[in-house]
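Down below is the structure, laid out as structure tokens.
Quick note on labels: first sequence line is chain A, next is B, and so on, each numbered from 1. The shown structure was predicted, so the numbers you read here are calculated from the model rather than taken from an experiment.
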Amino acid sequence: MTELTTPPRTRAATPEDPATAKPAAPRPGTPSRARRALAFWLGRPGLLLSAALLALVLLAALFPALLTSRDPLAGIPGERLLPPGADHPFGTDQLGRDLYARVVHGSALTLRATGLAVAVGLVAGSLVGLLAGYLGGRADDALMRLADVLLAVPGLLLSLALVTALGFGTVEVAVAVGVTSVAMFARIMRTEVQRVARTPYVEAARAAGVRWYTVLLRHVLPNAAAPVLVYAAVDFGAVVLQVSSLSFLGYGARPPQPEWGALVASGRDYLAPAWWLTTLPGLTIAATVLAANRIARALDGEARETP
Amino acid sequence: MRATRTPARPRTPGDRRRLAVLAAPLLLAVPLTACSAAGSDGQTTGPRSGGRLTFALSSDPTCVDPHQAATNDAMYVTRGIVDSLTDQDPRTGRIVPWLATSWEIAANASRFTFRLRTDATFSDGAPVDAKAVKANFDAVHDLGARSILGSGFLQGYRGTEVVDAHTVEVAFDGPNAQFLQATSTPTLGLLSPASLRRAAEERCAGPLAGSGPFTLAGYTPDTSVELNRRDDYAWGSPLWKSPDAARLEAITFRVVPESGVRSGSLTSGQVDAIAGVAPQDETLLKGQKVSVVGRANPGVPVALSANTASPVAKDPAVRRALQAAVDRDEVVDTVLSSSYRPATSSLAETTDAYRDNSPLLAHDPARARTLLDEAGWRPGADGIRVKDGRPLRLKVILGTNFGPNQSALELIQQQVRKAGIQLDLSVLSIADYQKARGAGDYDLAWGNGTRTDPDILRTAFSSKLLNLSRISDPALQRELDAQAAATDPARRAAHVATAQRRILEQGYQIPVFEMTTVFALSKKVHDITFDASSRLQFHDTWLS
């Protein structure tokens with residue numbers, strides 16, 4: 001799904017020397033830092049909501065017991081297909097399991113897969129980009145053509161092929177999705193590395209006789225990492241969607257584990273008699289993706305644009 | 001000759017309705033006349049020729065060769081393409097003539113002589129004669145395991161002898177009492193010799209020439225199958241309203257795997273009839289202008305079949321504990337609808353020689369726990385029992401051909417977990433499911449088998465056939481062989497009864513519920529009929 005996201009805007013305004021990148025001290029006559037932060041957040045209710053939602057999802061993933069006391073796997077046949085109500089905020093499924101508990105417990109599986117997928121893309125992609133950008137020449141050509149090939153294959157198709165080869169399960173899905181975003185991370189990292197490698201302080205370090213890998217790790221990587229990290233945030237939303245797609249198709253955790261995509265999939269046979277089985281987990285996925293994208297946009301320089 | 005065996009009697013709608021009322025409690029053939037009677041109110045249009053029926057199937061047929069077709073969805077398609085030597089009356093279970101006008105069975109049921117009618121032809125022009133029949137039986141036999149059903153029907157096949165142009169004699173190594181009923185199934189339907197000369201895989205995709213009332217116009221895997229009417233057809237089964245050409249001009253079978261989409265397609269008029277109505281959609285559909293019709297499938301009920309070669313499932317105590325831990329009533333009440341019934345034996349109630357064994361299948365969690373305790377399976381830390389360091393986990397494979405499969409198994413998973421048994425569900429496509437069964441890569445396999453003849457027990461459990469359950473049980477084998485050899489119905493029924501008990505007591509199979517074929521039809525579709533095996537026959541169908 002990487003093709004759905006926009007790469008981070010190149011920031012012409014970024015200062016060349018990282019030393020000057022620190023926020024400027026408040027000028028006299030401007031409001032204090034706390035008041036500016038308040039104005040920033042109040043002016044962006046969407047961002048505020050997104051942050052709150054993502055915090056809630058993270059809470060659900062880490063401490064599901066705080067949000068629900070029900071067992072997501074225990075069904076009470078007598079309470080099947082109950083519409084959303086006071087007892088069951090999201091209703092119950094065809095076996096009488098509480099859908100809210102399943103969504104809450106499912107967030108752990110979904111977020112674990114998402115986090116792993118982003119990590120795979122980030123680490124592998126950065127490494128490829130770092131080497132390609134710094135070494136240049138043949139190594140650059142070879143690695144970037146490989147990235148071209150990865151980008152040429154549609155992301156979902158590639159991850160379907162990979163997951164079929166790897167086998168079914170949450171970790172396998174995460175790896176399959178992560179591999180599809182490697183190329184994008186590599187591209188961004190390579191561009192940044194090429195820019196940083198030409199800066200005077202890197203040339204100075206080289207001239208001083210510092211070993212190449214030390215230059216790479218101490219001077220180039222820290223200064224080239226920011227856009228890649230921002231892209232990781234952008235990618236997060238798309239990866240949630242892609243992980244859910246694969247789990248919807250039945251490649252994720254084994255039933256009855258409640259992955260989000262699998263919840264939508266098992267509810268689709270009940271579209272007519274029980275709309276909540278697909279709608280509520282579906283809305284949860286959509287809200288998480290939107291929130292992640294909104295936060296990613298904020299990270300991508302929105303704070304700097306504030307007056 | 002045909003007329004003397006089954007007098008063709010003109011039937012009126014009222015007559016048929018009365019029959020339906022009589023037949024319903026017995027769950028035998030229910031011609032789908034409820035709709036035709038309702039549709040004729042106010043409009044006096046009778047059966048009409050012409051039109052195209054669009055029928056939504058729940059799964060891809062995967063193979064349109066009748067000899068290899070293994071799923072019911074595939075057989076709805078193949079039934080129209082081929083004729084059989086005999087037909088079976090769904091009401092009485094009696095075998096009646098079709099392409100064979102008469103037959104003789106040698107006393108020990110190992111030799112069958114069929115005399116064929118002389119006017120039938122295949123759609124490629126070849127005559128239906130003794131040589132063609134021989135070519136067909138030889139071809140099914142050569143298919144071996146590729147014909148899952150046919151290999152059982154022709155077990156011990158010695159050969160077919162062409163006695164004269166229209167007489168054949170089929171010989172078996174030993175007694176084979178079920179063979180006559182088998183000749184009424186589409187699996188032993190006749191294809192033209194030219195079609196049979198093509199390789200088995202090629203036949204799966206068509207084109208094929210049979211002698212049936214419809215011809216195969218095209219098959220696009222995962223999308224649709226097209227059938228066209230054969231206008232010069234004149235040798236229909238005596239069970240049909242007329243032996244002549246079908247009323248429908250063409251049939252389109254569309255593959256629609258999502259049950260909700262199928263129901264929606266029907267209510268919005270995009271298709272005329274749908275197979276595999278999901279239990280949760282039945283009440284909704286009944287409220288709309290469509291008829292929902294069901295008939296219990298004879299044969300082996302939907303069950304967990306054990307792989308007795310697997311390290312855990314080979315322990316009879318585990319299998320018996322499963323038998324007691326499953327609450328069949330709860331599965332039917334929760335996941336299915338009133339059209340379905342819990343299993344009461346290793347055969348469904350509509351099968352010949354069925355015996356009620358419900359005491360063996362009572363839900364008794366205490367007994368399940370005792371059985372496992374006695375066998376040395378001790379509760380582990382996470383509640384799953386352990387013996388010799390091996391946890392009591394069983395891999396269950398299931399196909400996606402029946403919508404409620406996964407829900408039913410998730411419920412069963414929850415039920416047996418209380419006894420300390422963990423089921424790991426593995427949802428597979430039909431092709432992968434059959435591969436996994438063949439390779440033995442499972443502990444329990446979820447599925448059913450449809451046939452009116454109790455010999456389906458031999459197909460499923462005999463160690464001399466495919467033996468997908470890897471059973472080695474001389475006592476059971478003796479009964480299965482004996483019923484195959486018995487020509488006296490009473491003696492055969494006695495052997496079948498013993499075999500049914502033995503299968504349940506040994507837990508080779510954990511039956512859960514009886515499969516029911518549930519269809520829904522729009523009000524303009526009339527006279528789709530169930531055959532004896534609860535599969536569909538479209539010859540008499542017409543659209544108003």
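Side chain of B/Q414 to backbone of A/G75: a donor-acceptor contact under 3.5 angstrom is found. Although no hydrogens or angles enter the test, the distance criterion places a donor-acceptor pair under 3.5 Å between the side chain of A/R80 and the main chain of B/T334. At distances below 3.5 Å, at least one donor-acceptor pair connects side-chain atoms of B/Q280 with backbone N or O atoms of A/D269.
The parts of A/L95 that come within reach of chain B are both its backbone and its side chain, each placing non-hydrogen atoms under 4.5 angstrom from that chain. For chain B, the nearby part of A/L73 is the backbone; its heavy atoms alone come within less than 4.5 Å. Only the backbone of B/D333 comes within contact range of chain A, judged by heavy atoms closer than 4.5 Å.
Atom CD of A/Q257 and atom CG of B/L425 lie 10.5 Å apart (nearest 0.5 Å). Between the CD atom in B/Q406 and the CD atom in A/Q94 there is a gap of 8.5 Å [rounded to 0.5 Å].
A 6.0 Å sphere centred on CZ of B/R367 holds no more than 12 heavy atoms belonging to other residues, nucleotides or ligands. For NZ of B/K289, the number of neighbouring non-hydrogen atoms (other residues, nucleotides, ligands) closer than 6.0 Å is 12 at most.
Chosen from B/L411, B/D424, B/V427, B/T400, the residue pairing most often with chain A at heavy-atom distances under 4.5 Å is B/L411. In terms of heavy-atom pairs under 4.5 angstrom with chain A, the leader among B/S426, B/S407, B/G260 is B/S407.
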